[in-house]
Structures are given as structure tokens and as C-alpha cells.
Amino acid sequence: MKAHSLSASERFDSQLSKSEHTPPLPTWPPPQDFPIIVDASGRTVSYYGDHKWNLNVWAGKPVTLNFGDGPPRKNCPSLSNENANLLRQISAWWLHGPVRARSPEALLRRFEIIRPIFVLCSQNRIKASDLMRFPRAVDLVAGVLAPSSAHYGLTLLHQLWELRDSLGFHLLDTENLKAIGASLSKHEKEQTPYIPPRIWQYQLNRLKACIDDFNDNRREIEACYLFCLDAYARNSGSLAQACRRETKSGHRPFGGHRRAGESTDGRLFHGPFHLTARRFGIDGLLERWLLQPGESLEKSGRGIHSLSTYFTLIGFVGTAYLANFSLMRIEEAWSLRSDCLTVERDDLGDDIHILQGVTTKTVEDDDARWITAPTSHAAVEAMACVAKLRMLAADANPDVPVTDDDLRAPFLTLRPYEPWGGRAGDMNLPIAIRQTSQSYRNFIERFPQLFDSQIMKITSADLEIARLVTPSLDPELFEVGKVWPIAWHQLRRTGAVNMTASGIVGDSSLQYQLKHASRAMSRYYGQGYYHLNFPLNDSAKAEYIRTMYEMVAIEFSQLSLPRFVSPHGNPRKSQILSLLTESNSKQLSAAAKSGKIAYRETLLGGCTNPNPCAYGGIDNITRCGGGDGSPPCADAIFDKEKIPTIGSLGKVIESRLAVAPENSPLQESLQAQKRAIENALYALKSI
């Protein structure tokens, strides 16, 4: 039996967790005398109905949840009995439900973030589960959330909404959350810049090209590296001596000071490294990614050090590629190991690609997962190859502390351990002591062949869309003609915006790519798929949900542009815009904050229906464009910028109609979609 067919209590019972200090619940909600916290000997520490829950035995230090319906305490506002009971229910849900806290500190953090909402309700004599019925109180919610944790609070409220059927109630719905999200965005002093689609896609394409080039030449790279290791081992007496960097300068097998051939003492020399690189067919590869156009490996004088430099480049490129698609912080991506990528099959039969690692930000995400794009496999494959080769040298060096985990699944980014590598000062450090990641800009400066600075320069179109998403851009850093100052944290913000597949991401090829790459991410971060076997990173979920609600205000603000038309003419468009707010029809941004209407992109433009479409209007245009014989949908908005795309879709439908069986359901469906397209094109070209 699938979860959605169970009753609320049955669904909750199937998700109960077991812990040494939190016994499984017998019913939902639990009875007041249920021992919610017990010590190691089974003695009850706190009952469910207590005014306070004592989590000391679990945390190993004082941690208390005060529900506010006991004796008044200074600096701890009281709650009404009914609101205290609702807060207990949520806390029990966080202890046992599908989004349970993984530590007492994590539970306390959630509790302290959301408790002020219950205080607000109690002070206004409102039952928290009825909060939506009091718009003025809803408007005050953003103000009672602590600024440092307001966006995480938005995520918690979103989770409670998604899990409302199992929990038994909720505080706010998506329309309320949109208003709160817009309000939080307005009061944020400094937003992380959003990278314009053209620049974002260019850097992504270059990263992918570098990764693919490595994987296409992987066998040759491995063979060359192993050959070089053997050459150093022979001339040093052993691989251990070579990896200790104890090869005398006169015994080094590569260099212009010795001609190729065997010496009288049995050491073998191979001449300048470019000859070996050419022998293994990787000289062009190194020149392509490390040198200026027209410069050769022979004349550059880089020698075998270029191989280590290239490996470092692959580490950066792979890390950047994963960061683009996973919403990971750079420190988190920098700490991934070679076994980090797994694939799970979800209930819908789709493969979900997951990165597993250790977060560096919060204690509750010490073993979290990040959804990523299927193409991330290529990046992990390239980085893992480099890591495996470098670990051969690290393991051979008796001065390098190596653990079984290091050998089984090395970090994807490692310092150079090969005999010809860089500085040896940190060679005796444990591998787990990581090198500090450099800034994105430093890597660009170090590897100028990676990006063309002319293409990375900001155009007026780039600046327009960047300011649309991030109005607070520094005009001294972001102006037409300057190179976009890309940074790691921008990838996280840009990824969250792009994952929403919003209409402001105007490049059609980018949208096409993202709908494939981020469909799973959007589903699992934003639509409540909490029944999975892996714990998604809370910070990534918070970033996505925060951005999802922020983008509503931006999308709404675009509806007044001439490019958007209603199939029923300008009067209907004006009427739609007037629905955006009850108090002020002139301010579209204020209308977005009121959360009275939703906006979803469709094949023809957009949908302004605040309720789910019963006709599948996101993917099927028949009802949107009136292909079923009725007038076009009154909530539809058509986009003039989509005329070429709509025309191309019409050609595809024509070709499918030509081979569709006569009088078949397929033929009828295609004919209806064809009529919808004709109606849409007529409206777009005549209004």
C-alpha cells in the first residue's frame, strides 16, 4: 500500500523512528502521559504533556524545550494551552517524523525559530492552526522571525505545509509563504548576485568541455602518469624514495639537461617532457588547457610540472561543475570523496543522482545528500581518476599518513603527491587535513585558457536580467563592459534561481537543459518528497525554497510588460493584474507580496490561476489555447517572446499528424493542440 492511501495516523506510524532516548510513539498525536524522553535505563525524563521537555540525556548538556503553558518565566513569553499543544505536536513530529531532527541541538534550533509564531498567535488570541484566517496577523509573521534564521524558518513552514495531511494541521499555506518570502527578500540588505544566463551557461559549457576532454583521453593520461612514476622510481632507487622528493636533480628522468637514453650508472633519461607527452598523445591536451593559443609545450619550458598543474585544473573544474548543479557550498564540494555519487530509483521510476558528503555549516547535516544533475557523473569520474593516480604516490611515500578510507575512497581534490609535484612542506600531514580552496576568481586567473574574458564581459542584456533578480548589485563591480566577477557563492544562488525554471531565465537552450537537469531537484527540494531513504541537506533545501518564493515576486513584476498578452485582450489582462492585490493595483511588486495569485510558466507563456490546473496546462496547451473548441483559458497569459518556439512546436505537431492513425485518440489530441497553437499565434500577432 502506498503512503498516500494511508490515513494520517497510519502514515505517521509507518514513519516512526526509534532512538535510545525517544521511544516510538503508540498513537498520533501521542497521549499526554507518553514518556517522550527516557534515559539509558528506561526511566522517564519527560512526558509528552509536560510544560518542558528535558533533552539533557540525549544532548549530554542542558537542552530544554519550554512550551510556555507552565509557570511564567522571565524572557520566555507564555503560550495558550491550545497553542502549546500544537507546538508539542510539531516538536514530536520533528522527533519522529520524516523530517526529524538528527540531534537535540537541531531540534532546539527549529523550536526556537518557530516558537515566536506561537507567541504571536497567543498574544492575539488566535489558534496557530487558524492563523491563515487572520491576514493582519500573517503580515506580522516575517517580523517575529529572527533575521539570522528567517529563511530557514520559511523552510520549516514550507515543510509543515507539505506534510499537513500527516501532521494533522498546518500554520500557513503557499500563498502566505510567498508573501513572507517576498518580505524577507525586500529587507535583505545584501543579496548574492545572480549570474546572467548567458555567462552562467558559457562557464558551465567550458567546464563540461574540459571534463569531457579529460575523460576522452583518460587512458592516455593514466598511461603517461604511470610511465613517469616508473621513470622516477628507477632513477631514485624506489618509488618510495622518488615520492619523498629525494631524487637528485641530476637523476631526474625528464629535462633538457640530459639526452634521452641510459646512463653509465643504469639510470634512464627521456629528454624533455614534451617528448613523452607527445609519445602518449596528450601534448595537445595540455597545450589546449594550460597554454596561450599558439604556444607549444616544447617552448613553454613547463616540463613535467604541467602534468601536475593539469591535474589541479581538473580538480577545480570538477568541483565547480558539481557546485553549479548541487547547491553545495564550496567547502562541502571541496570535501567530497570518490564514492560520493550514488543513483537511486524513486517511486516514479526516475533515476535520482545524489551526492553524499559532510556539510561544513550545521551540525544537523553531518551526513547529508544533495540532488545533482545526471551529467555530474562525468565530473566525478574525471576527478576520481586524478585522485586514484595521486594516491598511488601518496601511498608509496612512507612519510604520508594514509588511512584505509583514503585508499578506498580518496578525496576528489588532493594536493600533488607525485615526485615532480609542488611544495613538499605539507606532505607529512594527514590527507584529511585539506588544502584551503581558492576563490573562483583566483582559479580563473591561474588558468586563463579556461574562459574567454571577452565572452565573460557584461552586456546590457546581462545586466538587465541580473538586476531583475538582484536589484542590490554593486554598480562599481557590475557594469556593462566589465568581466563578470564570478564567485563560488554565486553558483549556489544562481543554481537555486535556475532550478525554479522561471520565465526570467530567457535563454531557450538554457531552459531546455535545466528542465532535464533540475526536474528531480525541484521535485525533491520543493514538493515535499520526504519519504526518501536519504536525508537531503537542509541548507540546500532552504536555499531552494527561499528562492522559489522570491521568484514569484519577480515573475509577477514582468506581467505588465507588452510582451505578455491575454487571449481575451487588454481588458482581461488588466483584470488579471488587478487581482494581484486587494489594496493597490499600481504596484505589481506589492501585489506579489500579497500572495493572492500564482504564476507558472507554460508552453505558450504563463498561467495566473492560483489553483492547480485540472487540464495539465503546464505540459499540455489544448485548454490554454482553446483547442478543445471552447474559448482560451481566462487565466492564460501568452508570451510574444515564445512565438518562434510555438511555431516550432506547431511544425512538430504537423509532422506527427501526418502519421497519426485516422480517427484515433492521438489524432484528435494533436488536432486540438494544433488549434490551440493557431489561436495563440493569432492572439500574439494581433494584440
Under the rule for ring-ring contact (aromatic ring centres under 6.0 Å, His included), what residues qualify as partners of Phe447, not counting sequence neighbours?
none
Where do Thr375 and Phe325 land on the side chain to side chain contact (heavy atoms under 4.5 Å, CB included) test, with the steps shown first?
CA-CA 9 Å; Thr375 52; Phe325 277 119; 4.2 Å; yes
Hits for ring-ring contact (aromatic ring centres under 6.0 Å, His included) against Tyr232, two or more places apart or cross-chain, chain-then-number order -> Trp420
Within 45° of the ring axis of Phe411 and under 6.0 Å from its six-membered ring centre, is that where the NZ or CZ of Arg337 lies?
yes
With sequence neighbours left out, which residue pairs that include part of residues 282-294 fulfil the side chain to side chain donor-acceptor pair (under 3.5 Å) condition?
Asp213-Arg288, Asp213-Trp289
Centroid-centroid under 6.0 Å between His270 and Phe227 rings:
yes
Exam field: side chain Asn324 to backbone Gly495, donor-acceptor pair closer than 3.5 Å
no
Value for CD (Glu418) from CD1 (Ile304), rounded to nearest 0.5 Å, stands at 8.5 Å
Is the closest side-chain heavy-atom distance between Leu286 and Phe273 below 4.5 Å?
yes
With side chains defined as the heavy atoms from C-beta onward, is the minimum distance between Met391 and Val402 less than 4.5 Å?
yes
Within the 4.5 Å heavy-atom criterion, are Arg244 and Asp399 side-chain neighbours or not?
yes
Taking all atoms of both residues into account, what is the closest heavy-atom pair of Asn442 and Gln438, and its distance?
CB-OE1, 3.8 Å
With sequence neighbours left out, the residues meeting side chain to side chain contact (heavy atoms under 4.5 Å, CB included) with Ala487 are His489, Gln490
Test item: Tyr202 side-chain N/O and Asp452 main-chain N/O as donor-acceptor pair under 3.5 Å
yes
Can Trp58 and Val63 be said to form a side chain to side chain contact (heavy atoms under 4.5 Å, CB included), step by step?
CA-CA 9 Å; Trp58 183 18; Val63 175; over 6 Å; no
Between Gln356 and Asp339, do the side chains contain a donor N or O and an acceptor N or O under 3.5 Å apart?
no
When the aromatic ring centroids of Tyr225 and Phe311 are compared, is their separation below 6.0 Å?
yes
Is there side-chain contact between Leu473 and Tyr194, with at least one heavy-atom pair below 4.5 Å?
no
Using the side chain to side chain contact (heavy atoms under 4.5 Å, CB included) criterion, which residues pair with Asp216? Sequence neighbours excluded.
none
Once rounded to the nearest 0.5 Å, what's the spacing between atom CZ of Phe316 and atom CE of Met383?
11.0 Å
Please name all residues satisfying salt bridge (Lys or Arg N to Asp or Glu O under 4.0 Å) with Arg234, sequence neighbours left out, ordered by chain then number.
Glu262
Looking at side-chain heavy atoms only, is the closest gap between Leu156 and Trp94 below 4.5 Å?
yes
Donor-acceptor contact below 3.5 Å, side chain Gln203 vs main chain Trp200
yes
Given Ile211, which partner from the list Ile314, Val380, Val317 fulfils the side chain to side chain contact (heavy atoms under 4.5 Å, CB included) test?
Val317
Grab the two heavy atoms, one from Leu313 and one from Cys210, that are nearest each other, plus how far apart they are.
CD2-SG, 4.1 Å
Which value, rounded to the nearest 0.5 Å, describes the distance between Cys224 atom SG and Leu307 atom CG?
5.5 Å
Just checking Arg219: does its CZ atom have more than 12 heavy atoms from other residues, nucleotides or ligands closer to it than 6.0 angstrom?
no
State, yes or no, whether a side-chain contact exists between Leu407 and Asp395 at a heavy-atom distance under 4.5 Å.
yes
Ignoring hydrogens and geometry, is there a side-chain-to-backbone donor-acceptor pair from Thr494 to Leu491 under 3.5 Å?
no
Is a side-chain donor or acceptor of Arg206 paired with a backbone partner of Gln449 at a separation under 3.5 angstrom?
yes
I'd like to know whether Leu355 forms a side chain to side chain contact (heavy atoms under 4.5 Å, CB included) with Ile371, so could you lay out the CA-CA distance, the side-chain angles of the two residues, the decisive distance to 0.1 Å, and finally the verdict.
CA-CA 6 Å; Leu355 292 172; Ile371 305 293; over 6 Å; no
Distance in Å, Arg329 CZ paired with Ser335 OG, rounded so as to fall on 0.5 Å steps:
12.0 Å
Does a side-chain N-to-carboxylate-O contact under 4.0 Å join Asp462 and Lys482?
no
Pick one: which of Pro253, Ser308, Cys243 meets side chain to side chain contact (heavy atoms under 4.5 Å, CB included) with Pro419?
Cys243
Mind checking side chain to side chain donor-acceptor pair (under 3.5 Å) for Asn235 and listing every partner two or more places apart, or none if nothing turns up?
none
Do the side chain of Arg390 and the main chain of Leu414 share a donor and acceptor less than 3.5 angstrom apart?
yes
What pair of heavy atoms forms the shortest contact from Ala378 to Asp212, and how long is it?
CB-OD1, 4.3 Å
Test item: Trp370 and Ile354 side chains (from C-beta on) under 4.5 Å apart, heavy atoms
no
Verify, without hydrogens or angle tests, whether Ser306 (side chain) and Gly303 (backbone) share a donor-acceptor contact under 3.5 angstrom.
yes
Partners passing salt bridge (Lys or Arg N to Asp or Glu O under 4.0 Å) against Asp405 (at least two apart in sequence or in another chain)
Arg408
Specify the closest pair of heavy atoms between Pro401 and Asp406, including all atoms of both residues, with the distance to one decimal.
O-OD2, 4.2 Å
Apply side chain to side chain contact (heavy atoms under 4.5 Å, CB included) to Leu392 and list each qualifying residue two or more places apart in sequence or on a separate chain.
Leu226, Leu229, Leu389
By side chain to side chain donor-acceptor pair (under 3.5 Å), Glu222 pairs with (sequence neighbours left out) Lys388
Approximate separation, where rounding is to 0.5 Å, of Arg302 CZ and Leu297 CG:
8.5 Å
With sequence neighbours left out, which residue pairs that include part of residues 373-387 fulfil the salt bridge (charged side-chain N to carboxylate O under 4.0 Å, His left out) condition?
Arg218-Glu381
Check the pair Arg198, Ile455 against side chain to side chain contact (heavy atoms under 4.5 Å, CB included), reporting the backbone distance first and the verdict last.
CA-CA 9 Å; Arg198 183 189 64 82; Ile455 298 178; 3.7 Å; yes
Under the side chain to side chain contact (heavy atoms under 4.5 Å, CB included) rule, collect the residues that match up with Ile330, sequence neighbours excluded.
Thr319, Trp334, Ser437, Trp488
Is it the case that the side chain of Arg492 and the backbone of Leu327 share a donor-acceptor pair, with hydrogens and angles ignored and the cut-off at 3.5 Å?
yes
Are Leu336 and Met328 packed together at the side-chain level, in the sense that at least one heavy-atom pair is separated by less than 4.5 angstrom?
yes
Could you give the distance from OG1 (Thr309) to CZ (Arg446), rounded to the nearest 0.5 Å?
6.0 Å
What one should report as the nearest heavy-atom pair of Ser300 and Leu291 is CB-CD2, 4.0 Å
